[in-house]
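Worksheet: the structure to be examined is printed underneath.
Nothing here was measured: the structure is a model prediction, and the numbers come from that model. Throughout, protein chains are lettered first and strands after them, A, B, ... in sequence-line order, and every chain is numbered starting at 1.
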2 protein chains.
Amino acid sequence: MADADRNAPIGGETLLFLTDEQLRQGIEAMFFAYRGFTADPDRILAEYSYGRAHHRALHFINGAPGTTVNNLMSILGVTKQSLNRVLRTLIGDGLVESRVGRSDKRERHLTLTEKGAELERALSDAQRARMRRAYRDAGPEAVSGFKRVLEAMMDPEMKRQYSALREGRG
Amino acid sequence: MADADRNAPIGGETLLFLTDEQLRQGIEAMFFAYRGFTADPDRILAEYSYGRAHHRALHFINGAPGTTVNNLMSILGVTKQSLNRVLRTLIGDGLVESRVGRSDKRERHLTLTEKGAELERALSDAQRARMRRAYRDAGPEAVSGFKRVLEAMMDPEMKRQYSALREGRG
DNA sequence: CTTGGAATGTCAACAAGACTGACTTAACCT
DNA sequence: AGGTTAAGTCAGTCTTGTTGACATTCCAAG
């Protein structure tokens, strides 16, 4: 903390003296926090013998109904074969519906069924509950800092997708 | 559900109105940021045909030299079989040294060899570089908020380990 | 109209990294 | 001496990712 106080303004920009130890703490915080982040949904998924990949697919289909397989692939950052395996089980289990596109019939538009929406809700309720607790414990200024650092940590392409998702939902 | 999500004023505490959309943004930010967080080390690891599991082992052995297998297991949150596979390759490749404990000869104390320390340095340099950029872009207040939210997101046991590691390094 | 490329899907094979369960060895402790 | 603990190992399974090859369908440029 003493190091953080050593920031001197140089040429209008704020200068930060970041020790390796401070950065290391951030790295470990990310590691442990991500475990907490996924812990609650993981417990629910285990009951259905689904995995995180299924959760991610449900999450982003829910957030962008009618999305195509290609779009989902690039958001999730996995190959079509990997995504396809997950989608096949979700479609087979009646959680996701795949409809042929009207303008481009090669495309498949993915939406959640009522059953799929139910599971998605259970998963995201659990995840949001932890998030809400964390936000409340940390306070509103902490939350905006949290988001700023996370955004700055993303690759430009991820940041683009992250922003696009927010704008798509208004 | 929407009304239930609203925070009620409770004796003098800060009031936060957290919409599902705000929490969802945080969830997606964690998802995309974690990808960025692991991207740089992953590229280096691929050259050595190691994986994230090796990185995590190297990281925590470096941070707590002489740690035992049991301790490492509980920090990483994996089974001994899973950890053992990783340690076996690291020891076999001469990156990690395993020494029988002096007081308790059942224990094996793990340390990095010079070669292991080199790889750990390369990996953490890459990861720290991104972290440093993110911290500078976001600014010092953002950083403290970032850490507060992450800590609040951890399970109590993880938080305990996280704090113990920091204190162990002073 | 034909052909090339794009989007999707499928099949197969493989690897990393996690898991459980059973078992051994050695060392420790009561 | 007997029970517990630490570590290591073997075997088998699961999820989730990867490549590569190939079929189908469709759109669009020539």
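- Note: B:Phe32 and A:Tyr162 have perpendicular aromatic rings, judged against thresholds of 30 and 60 degrees for the angle between ring planes.
- A:Val149 is not listed as a side-chain neighbour of B:Leu150, based on a closest heavy-atom distance of 4.5 Å or more.
- Nearest-nucleotide mapping onto DNA chain D: of A:Val78 and B:Asn84, the residue sitting toward the 5' end is B:Asn84.
- If you measure from atom CG of A:Leu72 to atom P of C:dG9, you get 11 Å, rounded to the nearest angstrom.
- At a non-hydrogen distance threshold of 4.0 Å, A:Thr68 from residues 37-68 of chain A come into contact with DNA chain C.
- Atom-to-atom, CZ of B:Arg99 to C1' of D:dA6 comes out at 18 Å; the value is rounded to the nearest Å.
- Partners of B:Glu141 under the salt bridge (Lys or Arg N to Asp or Glu O under 4.0 Å) rule, at least two apart in sequence or in another chain, do not exist in this structure.
- Atom CE of A:Met73 and atom P of D:dG17 are 12 Å apart (whole Å).
- The CG-P distance, from B:Leu83 to C:dA18, rounds to 9 Å in whole Å.
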**OP:** Determine, step by step, whether B:Leu119 and B:Leu112 satisfy the side-chain contact (heavy atoms from CB on, under 4.5 Å) criterion, reporting the C-alpha distance in whole Å, the side-chain angles of both residues, the deciding distance to 0.1 Å, and the verdict.
**Re:** CA-CA 10 Å; B:Leu119 177 54; B:Leu112 297 187; over 6 Å; no
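- No donor-acceptor contact under 3.5 Å links the side chain of B:Arg85 to the base of C:dA16.
- To the nearest angstrom, P of D:dT15 lies 13 Å from CZ of A:Arg88.
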Original post:
What's the verdict on salt bridge (charged side-chain N to carboxylate O under 4.0 Å, His left out) for B:Asp20 and A:Arg128, showing C-alpha distance, side-chain angles and the deciding distance?
Top reply: CA-CA 8 Å; B:Asp20 281 1; A:Arg128 273 199 304 267; 3.4 Å; yes
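- In this structure, A:Phe31 and B:Phe60 have tilted ring planes: the angle between them lies in the 30° to 60° band.
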Original post:
For every nucleotide of nucleotides 22-30 of chain C, 5' to 3': is a protein heavy atom under 4.0 Å from its base (B), only from its sugar-phosphate (S), or from neither (-)?
Top reply: B----BS--
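- Among the candidates B:Asp42, B:Ile44, B:Asp40, the single residue satisfying the side chain to side chain contact (heavy atoms under 4.5 Å, CB included) test with B:Leu123 is B:Ile44.
- Across all their heavy atoms, B:Gly26 and A:Lys147 have their closest contact at N-CE, 4.1 Å.
- Protein atom CD of B:Glu107 is 7 Å distant from nucleotide atom P of D:dA6, rounded to whole Å.
- Computed from coordinates, the B:Asn71 CG to D:dT5 C1' distance equals 15 Å when rounded to whole Å.
- Closest to the A:Thr79 side chain, of the nucleotides C:dT20, C:dG17, D:dT19, is D:dT19.
- The aromatic rings of B:His55 and B:His59 lie perpendicular to each other, with more than 60° between the two planes, well past the 30° mark.
- Straight-line distance from the CG atom of A:Leu87 to the C1' atom of D:dG17: 15 Å, rounded to whole Å.
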